[in-house]
**Student:** 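Input: one structure, supplied below.
All values below were derived from every heavy atom in this structure, side-chain atoms included, with hydrogens, water molecules and symmetry-related copies excluded.
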Amino acid sequence: MQLAEFFSSQPSRLWQLAKQMNVNYAVGGLPWEETNEKPWDLMPLVRMKQRYADHGLELLVIESMPPSNRIKLGTAGRDEEIEQFQQFLVNMGAAGIPVLCYNFMAQFNWFRTSTTTMSRGGALVSSYDHSLMKNAPLTEAGVVSEEQLWENLHYFMERIVPVAEEAKVKLALHPDDPPITPIRGVSRILRSAAALQRAIDLVPSPYNGITLCQGTLATAGDDIPRVIRDFAKQDKLFFVHFRDVKGTPEKFEETFHDDGKTNMLEAMRTYYEVGYRGPARPDHVPTMAGEDNGNPGYELLGRLYGIGYINGLMEAASAG
C-alpha cells in the first residue's frame, strides 16, 4: 500500500511533518492559486506535481474536479462542462498523474449537520443527523430524482471513460457522503458498494473503478473486508480513504481511527491479502486540543495521529 496524505498545492508544515512520518505520496486538489491559467490546465498541474517532487513526494491522485454541477443535474451547459472535464483528463495524463478521485454528488459535496461534536477527550468531529434536515427547504435545483442522476451519470461516463482510457488516468468514483437520500430534495444514488458496482458497470473499462471510502461504506452498513475483496478481484480498487465512523446513515459521527465500528486491523490485513498496492490516505480526522477547528476534518494533529496509526497497521499486516 502507498501511504499518502492530502496536501495543499503549495508547501506547508504538513509537507515536512508527513515526510518525517515516512509518507512519500501525495494526493492533491486543483492548484487554484495559479492566477493566469485554469487549475485544470496542463502547466499548473505540471508545476504542482513538480513542487511535490522537489519535497520528495510523488503525486498519485487528484482529488478534485472542474465545475460539474450542470453535468450532475443534466442542465444547460453540461456538454461544455464535460468538454472541460475531458481536457482535464488529457492534461492529467500528459502530466503523468495516474488517478482521479471524483464524485457524483449534486448541489453539495460531503455534508454534515455539525462540525463541533464532542468526541474522545474533548476532540471535535463532524457528524450528521438526518432528523435536522427533515424540514429543510429545497435547494434551487428543486427535486432531483434518482432516475435523473443515474441517467446523467451514464451520459457523463459514456463521454469521459474513453478519454480516461486514452489518457491512462484511472477514474476512482467516490461514494455519496452521507449515504442517505434525499437531502433537501436532492437524491443521492451512490450510497453503497452495490451502487458503486452498478455505476462502474455502466461503462465497463479497466480505467473505471472506485475510491473505497471506508467511512462512508461503513456508515452504509457494508462489510469492509468483503467490499475490499469484491472490488480488488475485479481490479477496480484504485484509491482508499482509510477512516471510520460510529452510527448509521440517519445519525453518525466521525471517529479517531481506533475508535469506530470497523476492525481496522482486519481491513488492513485484507488489503495485504488481496495484494492492493495503490494509494491510501487518512481522512476526516478529529480536531484535537489547541487547534481552532478552522478546517474541520483536516487539522494537523489528527492527521499525524492517523498517519502513525496506519503506519502501525501496515507493519502489523505485512508481518502476517
Side-chain angles (χ1 to χ4, degrees), residues 4-19 23 25-73 75 77-112 115 126 139 156 160 163-164 167 169-174 177 211 213 239 241 279 281-285 287 291-300 303:
E5 181 54 280
F6 186 91
F7 297 106
S8 60
S9 62
Q10 293 289 343
S12 70
R13 185 183 178 206
L14 179 62
W15 289 32
Q16 184 176 11
L17 289 172
K19 282 295 297 182
V23 174
Y25 301 100
V27 178
L30 287 172
W32 286 97
E33 70 279 352
E34 303 275 359
T35 56
N36 296 322
E37 298 158 288
K38 296 182 179 67
W40 47 87
D41 285 343
L42 175 61
M43 292 314 299
L45 295 175
V46 168
R47 288 191 290 267
M48 179 173 69
K49 182 183 177 184
Q50 192 56 47
R51 282 194 295 274
Y52 290 133
D54 290 342
H55 283 76
L57 296 164
E58 181 182 353
L59 178 59
L60 296 181
V61 184
I62 295 289
E63 191 170 331
S64 186
M65 51 203 294
S68 59
N69 204 46
R70 293 174 179 175
I71 295 172
K72 296 168 185 177
L73 295 175
T75 53
R78 73 168 170 178
D79 287 335
E80 289 78 8
E81 286 190 346
I82 288 173
E83 288 176 9
Q84 194 166 248
F85 205 106
Q86 290 169 328
Q87 189 58 53
F88 173 44
L89 292 172
V90 170
N91 293 338
M92 280 187 63
I97 305 169
V99 178
L100 173 66
C101 175
Y102 74 109
N103 70 75
F104 213 74
M105 292 179 269
Q107 285 299 102
F108 35 81
N109 201 322
W110 69 285
F111 188 85
R112 297 290 186 268
T115 57
S126 72
T139 72
F156 177 53
I160 66 160
V163 177
V169 173
K170 292 181 177 180
L171 298 168
L173 181 60
H174 190 288
D177 183 15
T211 295
C213 179
F239 183 35
H241 283 175
R281 74 170 182 88
D283 195 18
H284 296 192
V285 300
T287 297
E291 298 180 306
D292 66 9
N293 206 33
N295 192 14
Y298 291 91
E299 294 289 356
L300 180 61
R303 296 215 225 178

**Student:** CG of D79 to CD of Q84: how many Å apart, nearest 0.5 Å?
**Tutor:** 12.5 Å
**Student:** Which atoms form the tightest heavy-atom contact between A4 and A26, and what is the distance?
**Tutor:**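 A4 and A26 have their closest heavy atoms at CB-N, 4.4 Å.
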**Student:** For the CD atom of Q16 and the CG atom of L57, what is their distance to the nearest 0.5 Å?
**Tutor:** 11.0 Å
**Student:** Return the NZ to CD distance between K19 and E5, rounded to the nearest 0.5 Å.
**Tutor:**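 Reported to 0.5 Å precision, the distance equals 13.5 Å.
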**Student:** So H55 and P11, do their side chains get closer than 4.5 Å, heavy atoms only?
**Tutor:** yes
**Student:** With sequence neighbours excluded, tell me which residues meet side chain to side chain contact (heavy atoms under 4.5 Å, CB included) with E80.
**Tutor:** none
**Student:** Do you know the tightest heavy-atom contact between L60 and P279?
**Tutor:** CD1-CB, 3.9 Å
**Student:** Pick out which of F85, W32, F88 makes a ring-ring contact (aromatic ring centres under 6.0 Å, His included) with W40.
**Tutor:** W32
**Student:** Kindly say whether N295 contributes a backbone atom to a donor-acceptor pair with the side chain of E299 at under 3.5 angstrom?
**Tutor:** yes
**Student:** Quick check: does any side chain N or O of R51 sit under 3.5 Å from a backbone N or O of S9, one acting as donor and the other as acceptor?
**Tutor:**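 Between the backbone of S9 and the side chain of R51 there is a qualifying donor-acceptor contact (under 3.5 Å).
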**Student:** Give the ring-plane orientation class for Y52 versus F7, where under 30° counts as parallel, over 60° as perpendicular and anything between as tilted.
**Tutor:**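 Y52 and F7: tilted rings.
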**Student:** Taking the side chain from E81 and the backbone from I71, do they hold a donor-acceptor pair closer than 3.5 Å?
**Tutor:**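 Yes, E81 side chain to I71 backbone: donor-acceptor pair under 3.5 Å.
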**Student:** How long is the straight-line distance from OG1 of T139 back to CG of N69, given to the nearest 0.5 Å?
**Tutor:** 8.5 Å
**Student:** Looking only at non-hydrogen atoms, find the nearest pair between A94 and L42 and report the distance.
**Tutor:** CB-CD1, 3.8 Å
**Student:** Check for a donor-acceptor pair, side chain of T211 on one end and backbone N or O of F239 on the other, with a separation under 3.5 Å.
**Tutor:**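 No.
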**Student:** Please confirm whether the backbone N or O of F104 pairs with a side-chain atom of K72, one donor and one acceptor, at under 3.5 Å?
**Tutor:** no
**Student:** Between Y298 and H284, how do the two ring planes meet: parallel, tilted or perpendicular, split at 30° and 60°?
**Tutor:**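 Plane angle over 60°, so perpendicular.
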**Student:** Is there a side-chain contact (heavy atoms from CB on, under 4.5 Å) between L300 and L14? Walk through the geometry before answering.
**Tutor:** CA-CA 7 Å; L300 180 61; L14 179 62; 3.5 Å; yes
**Student:** Looking at every heavy atom in both K49 and A95, which two are closest together, and how far apart are they?
**Tutor:**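 Shortest heavy-atom contact: NZ-O, 2.9 Å.
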**Student:** Assess whether side-chain contact (heavy atoms from CB on, under 4.5 Å) is satisfied between W110 and S126, documenting all intermediate values.
**Tutor:** CA-CA 11 Å; W110 69 285; S126 72; 4.0 Å; yes
**Student:** On the 0 to 90° scale, with breaks at 30° and 60°, tag the F111-F108 ring pair as parallel, tilted or perpendicular.
**Tutor:**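 Ring orientation, 0 to 90° scale: tilted.
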**Student:** How would you list, by chain and number, every residue that makes a salt bridge (charged side-chain N to carboxylate O under 4.0 Å, His left out) with R70, sequence neighbours excluded?
**Tutor:** none
**Student:** Just how far is it from atom CD of Q87 to atom NZ of K38, taken to the nearest 0.5 Å?
**Tutor:**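 With rounding to 0.5 Å, CD (Q87) is 10.5 Å from NZ (K38).
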**Student:** Please confirm whether the backbone N or O of T115 pairs with a side-chain atom of N293, one donor and one acceptor, at under 3.5 Å?
**Tutor:** yes
**Student:** Is it the case that the side chain of D41 and the backbone of M43 share a donor-acceptor pair, with hydrogens and angles ignored and the cut-off at 3.5 Å?
**Tutor:**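 Such a contact is absent between D41 side chain and M43 backbone.
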**Student:** One pair to check against side-chain contact (heavy atoms from CB on, under 4.5 Å): I62 and M48. What are the steps and the verdict?
**Tutor:** CA-CA 11 Å; I62 295 289; M48 179 173 69; 3.5 Å; yes
**Student:** Looking at every heavy atom in both P44 and P39, which two are closest together, and how far apart are they?
**Tutor:**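 Of all heavy-atom pairs spanning P44 and P39, the closest is CB-O, 4.2 Å.
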**Student:** How long is the gap from CD on Q86 to CG on N91, to the nearest 0.5 Å?
**Tutor:** 12.0 Å
**Student:** Of all the heavy-atom pairs spanning L73 and A106, show the shortest one and how long it is.
**Tutor:**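 The pair with the smallest heavy-atom distance is CD2-CB, 3.8 Å.
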**Student:** Could you walk me through whether M65 and L30 pass side-chain contact (heavy atoms from CB on, under 4.5 Å), step by step?
**Tutor:** CA-CA 7 Å; M65 51 203 294; L30 287 172; 5.7 Å; no
**Student:** Would you find more than 12 non-hydrogen atoms of other residues, nucleotides or ligands less than 6.0 Å from D54 atom CG?
**Tutor:**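 Result for CG/D54: enclosed.
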**Student:** Any non-hydrogen side-chain atom of V90 less than 4.5 Å from a side-chain atom of V163?
**Tutor:** yes
